[in-house]
Amino acid sequence: MKALVTGGAGFIGSHLCENLLEKKYKVYTIDNLSTGTIENIRHLKKSQSFHFYMDDILNEKIMRNLIRKVDIVFHLAAAVGVKYILDNPLESIKTNVRGTEIVLELANDLGKKKVFLASTSEIYGKDRNGAALFKETDDRLLGSTTKWRWSYSCTKALDEFLSQAYYRERKLPVVIGRFFNTCGPRQTGRYGMVIPRFIKQALLDKPITVYGDGKQTRCFLYIGDAIRAITAIAEEKKAVGEIFNIGNPRSITIMELAEKIRKLTNSKSKIEFVPYEKAYERGFEDMRHRKPDISKLKSFIKFSPSVGIEELLKRTIKYFAG
Ligand code: UDP
């Protein structure tokens with residue numbers, strides 16, 4: 001089998017490429033290195049089955065050449081990370097909307113190649129009345145368009161609609177995975193992600209920056225589990241045309257997370273509370289709780305998260321500590 005992984009030098013993308021190579025796939029990847037790095041894929045470049053193109057998914061010519069070669073496209077290239085979206089508003093919208101349009105158009109025209117679309121739990125927006133367990137058919141609750149965070153949710157929702165439209169009207173085989181917070185080695189804190197940020201701060205004995213009151217909760221899925229889920233639903237025939245939450249339903253408060261990381265790194269860091277408007281921008285809206293309902297995923301593939309938060313943190317700390 002031959003696969004194209006867009007965004008293959010990113011955190012999830014590089015782990016996916018690695019896994020596909022282990023499964024004897026021939027892997028093509030395109031990445032403009034806006035948030036991904038060569039470091040993430042350096043070890044893969046030794047393989048004869050791995051082909052890296054440093055280019056943009058908006059380059060239709062190169063995308064045509066690549067999609068022509070493969071059986072399946074894992075479309076992971078996107079502007080991600082709350083901070084990155086706030087700092088790069090226009091580029092984020094273009095990459096997320098036009099980029100996906102190009103992937104779908106070409107996958108359809110070049111022989112109806114299967115597409116796995118990476119979507120996000122940002123789709124759901126804010127949690128309502130403390131009911132934090134999100135399932136695929138739930139309503140979305142977004143803030144005003146003056147609050148820039150929600151642009152990301154909108155671009156990915158449009159990606160989901162586009163993919164489903166190609167499936168419904170053109171019979172293009174698409175599968176959509178909505179990632180909840182995913183973490184592990186190679187994730188960078190540069191674009192806001194909490195675990196790599198806390199680990200770096202703790203390893204340097206610098207203050208651990210907890211935004212808001214720290215009582216907000218998140219659920220973290222280990223990258224290895226995420227990869228198992230992606231490849232299994234991409235291979236599952238019955239999953240075509242469907243949307244799946246991909247996450248770990250075990251939640252933790254951000255304060256508890258900070259304390260755990262401080263303990264596991266034997267750090268002398270203090271915990272510092274930072275107001276949201278200082279951390280992001282005025283009027284920033286965070287969601288209090290976010291937890292995936294993964295019963296649909298479990299009903300289509302054999303899946304349950306195998307790595308808990310403690311082990312996830314240990315492995316990620318080991319990566320950062322070198
Ligand atoms: N967060 C924090 N300190 C940081 C970075 C993030 O307290 O240095 C919080 C953030 O406000 C959110 C949670 O950690 O409540 C998860 O943030 P992240 O950006 O990793 O993912 P999100 O779930 O917001 O997409």
Side-chain angles (χ1 to χ4, degrees), residues 10-12 35 78-88 92 96 118-127 130 132-134 140-143 147-157 178-184 186-204 206-223 226 245-262 265 267 269-292 309 312-313 316 320:
F11 161 54
I12 299 181
T35 55
V80 291
V82 175
K83 195 166 161 23
Y84 189 85
I85 305 291
L86 296 177
D87 292 344
N88 303 278
S92 302
N96 291 0
S119 186
T120 170
S121 56
E122 278 279 318
I123 285 274
Y124 296 107
K126 306 179 212 183
D127 57 297
L133 197 67
F134 289 113
R140 307 171 56 224
L141 183 62
L142 305 186
K147 309 260 164 75
W148 204 260
R149 173 187 196 132
W150 305 117
S151 71
Y152 179 48
S153 179
C154 291
T155 60
K156 293 310 276 186
R178 282 183 191 159
F179 292 101
F180 283 65
N181 299 64
T182 304
C183 190
R186 294 189 208 139
Q187 188 176 44
T188 165
R190 236 174 301 147
Y191 311 108
M193 280 72 164
V194 65
I195 290 182
R197 284 177 58 82
F198 282 4
I199 291 177
K200 270 204 149 170
Q201 292 165 340
L203 289 173
L204 295 169
K206 287 192 169 163
I208 299 180
T209 54
V210 169
Y211 300 161
D213 63 5
K215 290 189 184 137
Q216 70 270 40
T217 62
R218 290 293 185 275
C219 302
F220 296 93
L221 180 70
Y222 184 64
I223 183 66
N245 284 341
I246 300 179
N248 183 342
R250 298 292 289 265
S251 65
I252 181 169
T253 69
I254 296 303
M255 187 62 193
E256 279 174 273
L257 187 70
E259 276 163 355
K260 251 190 207 306
I261 290 173
R262 184 166 61 173
T265 51
S267 171
S269 293
K270 291 195 182 72
I271 290 181
E272 180 182 307
F273 290 94
V274 181
Y276 283 117
E277 57 267 31
K278 210 168 149 205
Y280 298 106
E281 60 181 18
R282 248 184 68 206
F284 179 83
E285 293 177 317
D286 197 17
M287 60 273 299
R288 274 315 257 179
H289 307 288
R290 187 155 71 187
K291 192 176 179 147
I309 188 71
L312 178 159
L313 292 176
T316 314
F320 277 104

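Just so it is clear, the values below take in all heavy atoms, side chains as well, and ignore hydrogens, waters and symmetry mates. Order of appearance sets the numbers: ligands from 1, and atoms from 1 within every ligand.
Near Asn181, meaning under 4.0 Å from one of its heavy atoms, ligand 1 places the atoms 21 (O), 22 (P), 23 (O). Residue Arg197 has at least one heavy-atom neighbour below 4.0 Å for each of these atoms of ligand 1: 4 (C), 5 (C), 8 (O). Taking every heavy atom of Met193 and a limit of under 4.0 angstrom, the matching atoms of ligand 1 come to 20 (O). Residue Val210 approaches ligand 1 through these ligand atoms, each under 4.0 Å from one of its heavy atoms: 7 (O). For ligand 1, the atoms lying closer than 4.0 Å to a non-hydrogen atom of Tyr276 are 11 (O).
If you look at Arg218 next to ligand 1, the close heavy atoms, those under 4.0 Å, all belong to the side chain. Contacts of Thr209 with ligand 1, taken as heavy-atom pairs under 4.0 Å, involve both backbone and side chain. Contacts between Arg149 and ligand 1, counted as non-hydrogen atom pairs separated by less than 4.0 Å, involve the side chain only. Heavy atoms of Ile254 found under 4.0 angstrom from ligand 1 belong exclusively to the side chain.
Here the closest non-hydrogen pair linking Ser153 and Glu122 is OG-O, 2.8 Å. Minimum heavy-atom separation, Gly184 to Thr316: CA-OG1, 3.4 Å. Closest non-hydrogen pair, Pro249 versus Cys219, comes out as O-SG, 3.7 Å. Annotation for Phe273 and Gly214: closest pair CE2-N, 4.3 Å, computed over non-hydrogen atoms. The two residues Asn96 and Ala79 make their nearest non-hydrogen contact at OD1-N, 2.8 Å.
Using a 4.0 Å cut-off between charged nitrogen and carboxylate oxygen, Asp87 and Arg190 do not count as a salt-bridge pair. A salt bridge links Glu285 and Lys126; the closest N-O separation between the charged side-chain nitrogens and carboxylate oxygens is under 4.0 Å.
For Arg250, the CZ atom is loosely surrounded, since the number of other residues' heavy atoms within 6.0 Å does not exceed 12.
Using the six-membered ring where Trp is involved, Tyr124 and Phe180 have ring planes that are tilted, between 30° and 60° apart.
The protein atom (non-hydrogen) at minimum distance from atom 20 (O) of ligand 1 is Val194 N, 2.8 Å. For atom 9 (C) of ligand 1, the closest non-hydrogen atom on the protein side is Gln216 NE2, 4.0 Å. In terms of protein heavy atoms, atom 19 (O) of ligand 1 is closest to Gly192 O, 3.4 Å. Of the protein's heavy atoms, Asp286 OD2, 2.6 Å lies nearest to atom 15 (O) of ligand 1.
Any N or O atom pair closer than 3.5 Å counts here, and Arg290 shares at least one such pair with ligand 1.
Between the Arg262 side chain and the Ser269 main chain, a donor and an acceptor come within less than 3.5 Å of each other.
For atom 11 (O) of ligand 1, the nearest non-hydrogen atom from the set Phe198, Tyr280, Phe284, Tyr191 comes from Tyr280. Between the choices Phe220, Tyr84, Tyr211, the shortest heavy-atom distance to atom 1 (N) of ligand 1 belongs to Tyr211.
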